[in-house]
Protein chains: 2
Amino acid sequence: MGEPGTICGRRRCRGKEYSCSMELSLAVIGGKWKPLILWHLRETPTLRFSALRRTMPAITQKMLTQQLRELESDGLLTRTVFAEVPPRVEYALTDLGRGIIPILEALCRFGKEFEARFGVEATDATTAVATAQR
Amino acid sequence: MGEPGTICGRRRCRGKEYSCSMELSLAVIGGKWKPLILWHLRETPTLRFSALRRTMPAITQKMLTQQLRELESDGLLTRTVFAEVPPRVEYALTDLGRGIIPILEALCRFGKEFEARFGVEATDATTAVATAQR
DNA sequence: TTCAGTAGTATCCTTTTGGATACCATGAAA
DNA sequence: TTTCATGGTATCCAAAAGGATACTACTGAA
C-alpha cells in the first residue's frame with residue numbers, strides 16, 4: 001500500500017510537484033483555509049460566496065476567492081454563476097471533494113486527541129468574532 | 001464529532017493557534033517534510049539522523065533537524081542521544097505518532113485517486129537522485 | 001442622488017517557510 | 001598530522017503564502 005521506495009520518483013500532477021501521493025494530497029487540501037472551506041461545504045449542499053465568508057469571518061475576500069478557484073480547478077468543488085444582479089455564485093462539493101471528508105474527520109479526531117493530551121488555552125475570540133461580524 | 005459552530009472559538013495548544021481541531025492537526029503534521037519523516041519512521045522502529053537524511057535526499061540538514069525537534073516537542077517521536085563518538089541519535093515514533101499513520105495512509109490513497117483522475121507527468125528525477133546521493 | 005449588496009480584481013506589503021553556506025567538537029583511522 | 005564521519009548551529013537569503021486596502025460593475029431601493 002505505502003510506497004516506501006517511491007521517495008525517489010519526483011512527479012507532477014496539475015502543476016504540483018511531489019515525491020509521494022501524500023504530499024500531493026497535502027498540496028490539494030492543505031493550507032490555512034482549504035480544509036475549513038471543504039468542512040463547511042460538507043454540511044450544506046451548496047453555499048454562496050457571502051455565506052462562506054460569514055462562516056469564516058477571519059478570511060479575506062482575496063484568500064477565499066483564491067482558495068475556491070484552486071479547489072474548483074482541482075475538481076473538489078463546482079462553481080455555479082447565476083446571471084443575476086446582484087451576482088450570485090454557488091459552491092458545492094463534487095464526488096472527489098466528498099472523498100476527502102473522511103480524512104478531515106480523522107484529522108479532527110486526531111486534533112481532539114492532541115488537545116486532550118496537551119490541554120487547550122482559550123484565546124478571547126468570542127468577543128473578537130462579535131466585532132468581526134460587524 | 002464535527003464541530004460545526006466551533007469556528008468562532010479561537011484556541012491555542014502548544015503555541016499553535018487554531019479554530020478547529022483539523023487546523024491543529026495540520027499544524028502538527030503538515031508542512032513539506034513532517035509527513036515524509038513520519039512515513040519513514042512508520043516502517044522502521046528506529047532511524048538515526050543520517051539514515052533519515054539518506055531516505056530524503058532533498059531535505060537540508062537544517063530542515064531535518066528543525067522538523068525533528070518540532071515533532072519531538074509535539075510528542076510524535078522520541079529522540080535518543082547516545083554518548084558516543086561520532087555521535088549517534090535515534091528517532092522513533094511514539095504511540096501518539098503512530099496514531100497519525102492511518103491518516104497518512106488515507107492521504108496516500110486520496111493522492112493516488114487524484115493522480116488516477118488527472119494523470120501524472122514524471123519529472124526526470126531518477127537521475128537527479130543519483131547525483132544527489134553523491 | 002446616494003447608498004447598499006454581491007462577487008469579485010489589482011496592487012502592494014508582511015510573515016512564514018524553506019534553503020545555502022559556513023562553521024563546530026570529537027575520536028579513530030590513515 | 002590530516003582526514004573522515006556524525007549531528008549538529010548560526011547566519012543570511014529567496015520564495016511562497018497570506019493579508020490590507022482600494023477599486024470595479026451592476027441594479028434597486030431610499
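Just so we're on the same page: letters track the sequence lines, and every chain starts at 1.
The nearest whole Å value for the distance from the CE atom in Met63(A) to the P atom in dA17(D) is 10 Å. As a whole-Å value, the separation of Tyr18(B) OH from dG18(D) P is 20 Å. Rounding to whole angstrom units, CD of residue Gln67(B) and C1' of dG7(D) are separated by 17 Å. Distance, Glu17(B) CD to dT15(C) P: 15 Å, rounded to whole Å. One interatomic measurement links the two molecules: CD of Glu72(B) to P of dG7(D), which rounds to 15 Å at whole-angstrom precision. One interatomic measurement links the two molecules: CD1 of Ile59(A) to P of dG18(D), which rounds to 9 Å at whole-angstrom precision. The distance from atom CG of Leu36(A) to atom P of dG18(D) is 12 Å, rounded to the nearest whole Å. Rounded to whole Å, the distance from CZ on Arg53(B) to C1' on dT6(D) is 11 Å.
Note that CZ of Arg79(B) and CZ of Arg69(B) are 3.5 Å apart. Values are rounded to the nearest 0.5 Å. Note: Glu23(B) CD to Trp33(A) CH2 = 7.0 Å, rounded to the nearest 0.5 Å.
Remark: Lys32(B) is not in phosphate contact with dA16(D), judged by side-chain N or O atoms under 4.0 Å from OP1 or OP2.
Hydrophobic clustering (side-chain heavy atoms under 4.5 Å, transitive across Ile, Leu, Val, Met, Phe, Trp, Tyr) keeps Val85(A) apart from Phe49(A). In this structure, Val81(B) is a member of the same hydrophobic cluster as Leu76(B), with clusters built from ILVMFWY side-chain heavy atoms closer than 4.5 Å.
Two residues are said to be in side-chain contact when any heavy atoms from C-beta on lie closer than 4.5 Å; Leu24(A) and Phe118(B) fail this criterion.
A donor-acceptor pair under 3.5 Å is formed between the side chain of Ser25(A) and the backbone N or O of Leu107(B).
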Could you write out each protein N or O paired with an N or O of nucleotides 2-12 of chain C at a distance under 3.5 Å?
| from | atom 1 | to | atom 2 | distance (Å) |
| --- | --- | --- | --- | --- |
| dT6(C) | O3' | Arg48(A) | NH2 | 3.1 |
| dT6(C) | O3' | Pro87(A) | O | 2.8 |
| dA7(C) | OP1 | Arg48(A) | NE | 3.1 |
| dA7(C) | OP1 | Arg48(A) | NH2 | 3.2 |
| dA7(C) | OP1 | Val89(A) | N | 3.3 |
| dA7(C) | OP2 | Ser50(A) | N | 2.9 |
| dA7(C) | OP2 | Ser50(A) | OG | 3.0 |
| dA7(C) | N7 | Gln61(A) | NE2 | 3.2 |
| dG8(C) | OP1 | Arg69(A) | NH2 | 2.5 |
| dG8(C) | OP1 | Arg79(A) | NH2 | 2.2 |
| dG8(C) | OP2 | Tyr91(A) | OH | 2.8 |
| dG8(C) | N7 | Gln61(A) | OE1 | 2.6 |
| dG8(C) | N7 | Gln61(A) | NE2 | 2.6 |
| dG8(C) | O6 | Gln61(A) | OE1 | 3.1 |
| dT9(C) | OP1 | Arg69(A) | NH1 | 2.8 |

